[in-house]
Amino acid sequence: MLGPLFPRGVRPMLDLKAVVQDPEGFERRLARRGPEAAALLQPVKTLAAERRALNVALEELKKRQSEANARVGQLMRTDKAAGEKARGEARALGDEVKEKERRLGEVEGEIEKLLLFVPNPPQDAVPDGRDEKDNREVTRWGAAPRFDFAPRPHWELGEALGVLEWQQAAKLSGSRFTIYKGAAARLERAIAAFFLDVHTSRGYTEILPPYLVSRETMTGTGQLPKFEEDAFRTTGEDPLYLIPTAEVPLTNMHRDEILEARHLPVHYCAWTPCFRAEAGAAGKDTRGLIRQHQFHKVELVKLARPEESEAEHQRMVDDACEVLRRLGLHHRVVLLCTGDMGFASAKTYDIEVWMPGQETFREISSVSNCEDFQARRIRVRYRDEKGKPRLLHTLNGSGVAVGRTVVAIFENFQEANGTIRIPPALQPYMGGLARIEKGDFPRGVER
RNA sequence: GGAAAGGUGGCCGAGAGGCCGAAGGCGCUGGUUUGCUAAACCAGUAACUGGGGUAACCUGGUUCGAGGGUUCGAAUCCCUCCCUUUCCGCCA
C-alpha cells in the first residue's frame with residue numbers, strides 16, 4: 001500500500017453535491033465516454049447518503065459532548081461527586097463520537113477512492129465518438145509541400161545524415177530512445193528556445209519546474225491513480241514520478257492556494273523533458289522519433305476564471321498554432337470526440353502537423369480545458385468580487401512537442417539530396433545555419 | 001547523511017490541559033475626521049462543511065504541519081512522520 005493519497009480528508013474529484021442532486025444528469029454526461037465511466041457512480045450514491053446521515057448524527061453528538069465536557073470542568077471545582085458522575089456521561093458520549101467518526105472516515109475514504117477513477121464529463125460541444133476516426137476537423141492552415149521526388153520519413157533522413165541514431169541509443173537504454181548528434185541536437189535546442197521566446201513574448205511566464213514529482217502531484221492532475229502503468233517512478237518508500245508532461249508540475253504549483261483575482265488569468269510555459277512508459281503502445285510507431293520514452297516538450301498552462309476559460313482555451317490553441325505558422329508547417333486543428341479525450345479533460349483540441357514522409361497528419365499538440373476537474377483535486381481557487389473562494393479552471397496544451405517538430409522539419413523541408421533546410425525563424429537559433437548536411441562533427445565519429 | 005532549532009489566521013507573533021478559533025501587531029476592507037494625500041481614530045476582517053432563508057444574513061460542526069495516542073476535555077502532554085531554517089559533511 002502506498003498510504004493515503006491525501007492527508008486531509010476527502011477531496012471529491014467530482015462535485016459530490018452535484019452528483020447527489022442530479023445523478024441522472026451526471027451519469028448521462030459521463031456515459032458519453034462509455035458505459036464504464038457512468039457505472040462508477042452507482043456505489044457513490046449509496047455511500048454519499050450514508051455519509052450525510054453520519055454527519056448529521058455526529059454534529060448533534062459533538063454538540064452534546066462539548067456541553068457535557070464544560071459541565072465536568074465546572075462541577076469538578078465545586079462538587080467532586082457530581083463531577084465524577086458527569087465525567088462518566090461525557091466519556092460515554094466521547095466513545096460514541098469516536099465510533100461514528102471511524103465509520104465516517106471509512107465511508108469518505110471509499111467515496112474518494114471511487115471518485116478518483118471517474119473521468120471528467122465532456123462538454124456538450126464535444127462530438128460523440130469511439131476513437132480518433134470520430135474527431136472533427138475545425139481548421140486547416142497552409143498546404144502540404146510538393147516534392148518532385150518521393151519524400152522520405154525522418155528516420156531515413158536522420159540516419160543518412162548521421163544526425164539521428166537509434167542503434168547506439170538501444171545499446172544504452174533499449175527501444176524508444178534516440179541519440180541526436182551535431183546539427184540535430186542543436187535543432188532540438190533551437191526549437192525549444194524559439195518556442196519559449198514566442199510564448200514569453202505573448203504573455204506566458206517561463207518556468208523551469210522539477211522533473212520528479214510526488215504521488216500527490218501526479219494525482220492532482222489526474223495521471224494517478226488510474227494510469228500508474230504509464231509513468232516511470234523511482235524506487236524506495238516514497239517514490240517520485242518522472243513527469244510525463246510539464247502540465248503536472250505547472251498545474252500543481254498553486255495547489256492549496258487561493259489566488260487574488262488581479263493575478264488572473266495565470267499563464268505559464270515551460271520546456272521540459274517528458275517521460276512516458278508507453279505501456280500498451282507495443283508495436284505502434286516503433287520507428288523514428290514519434291513515440292519515445294523520453295522527449296522534450298514546451299508546455300502551456302493557464303489558470304483562469306470559469307467564465308473566461310473557453311476564450312482562454314481558444315487563445316491557447318492559437319498560441320500553439322502560432323509557432324507552427326512561424327515555421328511554415330502545414331497543420332490542422334481537430335476537436336477530439338468523447339472517446340479520444342484524456343481523463344481530466346472536458347474538451348480537447350489536437351493540432352496535427354503534416355508529415356510528408358509518412359503521408360499523414362500527426363499530433364504535435366493537444367490543448368485541453370480541464371475546467372474545475374483538476375482544480376477540485378488540487379484545491380486551487382481564487383477570490384471573486386465578493387471575496388468568496390471559487391474553483392478556477394485549469395487549461396494545458398503543448399506549445400508544442402519539440403521532438404515531433406524535428407520530425408516535421410525533417411520531413412517537410414527535405415531536399416532531393418537528403419539535406420534539410422532550416423526554417424528562417426530558426427536560423428538565428430542555429431548560429432545562422434541554413435541547412436543540415438552530412439558530416440558536420442568536428443570531433444565526433446561519423447557512421 | 002549528522003547535529004540543533006522551529007512549523008499557530010494573508011503575514012509577524014503570543015499562548016504551555018477547560019474560560020482559546022486563538023492576545024498583540026502588520027496588512028486588507030468599511031466608516032469618522034481632513035482643502036487633497038498621508039496620519040489619527042472607530043469597526044470589520046480565515047477556510048472547510050451541515051442546516052434555515054429569495055437574499056443580506058442567521059445557525060451547528062471541523063481545522064493551530066500531518067497521522068496516531070493519553071484524557072471527560074489537547075494548539076498545549078506522549079509517539080510516528082513530513083517540511084523549513086542554521087551548522088557540519090558530501091557534492092554539480
Side-chain angles (χ1 to χ4, degrees), chain A residues 1-21 47-109 111-112 115 208 210-220 234 236-241 249 252-264 273 372 375-392:
Chain A
M1 274 313 290
L2 288 145
L5 292 167
F6 299 113
R8 274 194 274 161
V10 75
R11 269 78 176 212
M13 299 324 146
L14 295 169
D15 192 341
L16 189 57
K17 226 187 276 182
V19 173
V20 171
Q21 273 168 6
L47 286 164
E50 184 178 356
R51 173 174 172 274
R52 189 171 152 65
L54 277 169
N55 251 327
V56 171
L58 250 175
E59 276 176 26
E60 171 61 20
L61 267 175
K62 280 182 172 169
K63 196 180 165 194
R64 281 168 54 200
Q65 188 199 12
S66 66
E67 285 162 3
N69 285 339
R71 233 178 356 255
V72 173
Q74 244 169 2
L75 286 173
M76 284 311 243
R77 257 168 278 147
T78 52
D79 180 350
K80 247 325 187 1
E84 285 298 340
K85 186 160 170 276
R87 193 151 104 172
E89 287 161 19
R91 176 184 282 150
L93 280 168
D95 290 345
E96 210 176 332
V97 165
K98 264 187 196 131
E99 169 53 25
K100 285 256 191 311
E101 276 183 336
R102 194 196 52 76
R103 177 61 193 153
L104 182 65
E106 254 175 35
V107 169
E108 293 198 325
I111 290 172
E112 174 177 308
L115 288 184
L208 200 155
Y211 306 150
L212 287 161
V213 297
S214 68
R215 182 173 179 83
E216 183 173 2
T217 301
M218 287 285 277
T219 307
T234 61
E237 205 150 307
D238 278 310
L240 291 171
Y241 292 79
N252 274 281
M253 272 170 64
H254 293 290
R255 186 167 72 214
D256 282 311
E257 289 182 16
I258 301 174
L259 304 183
E260 296 302 326
R262 68 193 151 91
H263 292 132
L264 299 176
D372 65 11
R376 196 179 298 282
R377 290 181 166 225
I378 65 184
R379 300 162 303 280
V380 58
R381 294 167 295 173
Y382 77 104
R383 272 182 214 286
D384 65 13
E385 315 71 45
K386 288 180 184 164
K388 285 271 164 281
R390 287 175 65 201
L391 288 171
L392 284 162

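Please read these numbers as outputs of a predicted model, since none were measured by experiment. Below, chains carry the letters A, B, ... as their sequence lines are ordered, and counting in each starts from 1.
Among the nucleotides B/rC72, B/rA47, B/rG50, the one closest to any side-chain atom of A/A90 is B/rC72. Relative to the side chain of A/R87, the nucleotides B/rC72, B/rA47, B/rG51 differ in distance, and B/rC72 lies closest. When distances are taken from the side chain of A/V72 to each of B/rA47, B/rG51, B/rC72, the shortest belongs to B/rC72. When distances are taken from the side chain of A/N69 to each of B/rC48, B/rG50, B/rG73, the shortest belongs to B/rG73.
Using atom P as the reference point in both B/rC64 and B/rG21, the two lie 11 Å apart (nearest Å). Only the P atoms considered, B/rA16 is 26 Å distant from B/rG69, to the nearest whole Å. Rounded to whole Å, the C1' atom of B/rU63 lies 12 Å from the corresponding atom of B/rU8. Between the C1' atoms of B/rG15 and B/rG25, the separation comes to 15 Å (whole Å). Atom P of B/rA66 sits at a distance of 10 Å from the matching atom of B/rG9, rounded to the whole Å. A gap of 26 Å separates the P atoms of B/rC11 and B/rG18, to the nearest Å. For the C1' atom pair drawn from B/rC41 and B/rC77, the interatomic distance equals 44 Å after rounding to whole Å. When the P atom is used for both B/rG17 and B/rC78, the distance is 11 Å, rounded to whole Å.
Shown here, B/rU45 forms a base pair with B/rG27; the pair counts as Watson-Crick or G-U wobble because both key distances fall under 3.5 Å. Across all strands shown, B/rA74 has no partner, as no Watson-Crick or G-U wobble contact with both distances under 3.5 Å is found. Pairing of B/rA14, defined by two Watson-Crick or G-U wobble distances under 3.5 Å, is not identified with any nucleotide. The partner of B/rU84 is B/rA5, judged by Watson-Crick or G-U wobble contacts that both fall below 3.5 Å. With a 3.5 Å ceiling on both atom-pair distances, B/rU37 lacks any Watson-Crick or G-U wobble partner.
Contact annotation for A/R381: backbone-only contact, meaning every heavy-atom pair under 4.0 Å involves sugar-phosphate atoms and none involves a base. Residue contacts for A/R52: at a heavy-atom cut-off of 4.0 Å it reaches the sugar-phosphate backbone alone, with no base atom in range.
Between A/R51 and A/N55 the shortest side-chain heavy-atom distance falls below 4.5 Å. Using a 4.5 Å heavy-atom cutoff, the side chains of A/R377 and A/E216 are not in contact. Using a 4.5 Å heavy-atom threshold, the side chains of A/R383 and A/L259 count as separate. Counting only heavy atoms from C-beta outward, the side chains of A/V213 and A/N252 never approach each other to under 4.5 Å. Between A/V380 and A/R255, every side-chain heavy-atom pair lies at or beyond the 4.5 Å cut-off.
When the P atom of B/rG68 is taken as reference, atom CZ of A/R102 falls 13 Å away, rounded to whole Å. The CD-P distance, from A/Q65 to B/rU71, rounds to 14 Å in whole Å. In this structure, A/D95 places its CG atom 10 Å from P of B/rU71, rounding to the nearest Å. Here the P atom of nucleotide B/rC48 and the CD1 atom of A/I258 are 6 Å apart, to the nearest Å. The CG atom of A/N55 sits 8 Å away from the P atom of B/rG50 (whole-angstrom rounding). Taking atom CD of A/E96 as the reference point, atom P of B/rC72 lies 17 Å away to the nearest angstrom. In this structure, the NZ atom of A/K98 is 8 Å from the P atom of B/rA74, given to the nearest Å. Taking atom CD of A/E260 as the reference point, atom P of B/rA46 lies 14 Å away to the nearest angstrom.
For the side chain to side chain contact (heavy atoms under 4.5 Å, CB included) test with A/R379, the passing option among A/I258, A/L391, A/D256 is A/D256; the others fail.
Residues A/A68 and A/G73 each lie close to RNA chain B; by heavy-atom proximity, the contact nearer the 5' end of the strand is made by A/G73.
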Under-3.5 Å N/O pairs linking protein and nucleotides 58-62 of chain B:
residue, atom, partner, partner atom, Å
B/rG60, N2, A/E59, OE1, 3.3
B/rG60, N2, A/E59, OE2, 2.3
B/rG60, N3, A/E59, OE1, 3.3

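Under the 3.5 Å distance criterion, the side-chain polar atoms of A/T234 are left unmatched by any main-chain donor or acceptor of A/P239.
Electrostatic pairing of A/K62 and A/E96 does not count as a salt bridge here, judged by no charged N lying under 4.0 Å from a carboxylate O.
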* To do: Show your working on side-chain contact (heavy atoms from CB on, under 4.5 Å) between A/E101 and A/L58 and close with a plain yes or no.
  => CA-CA 8 Å; A/E101 276 183 336; A/L58 250 175; 3.8 Å; yes
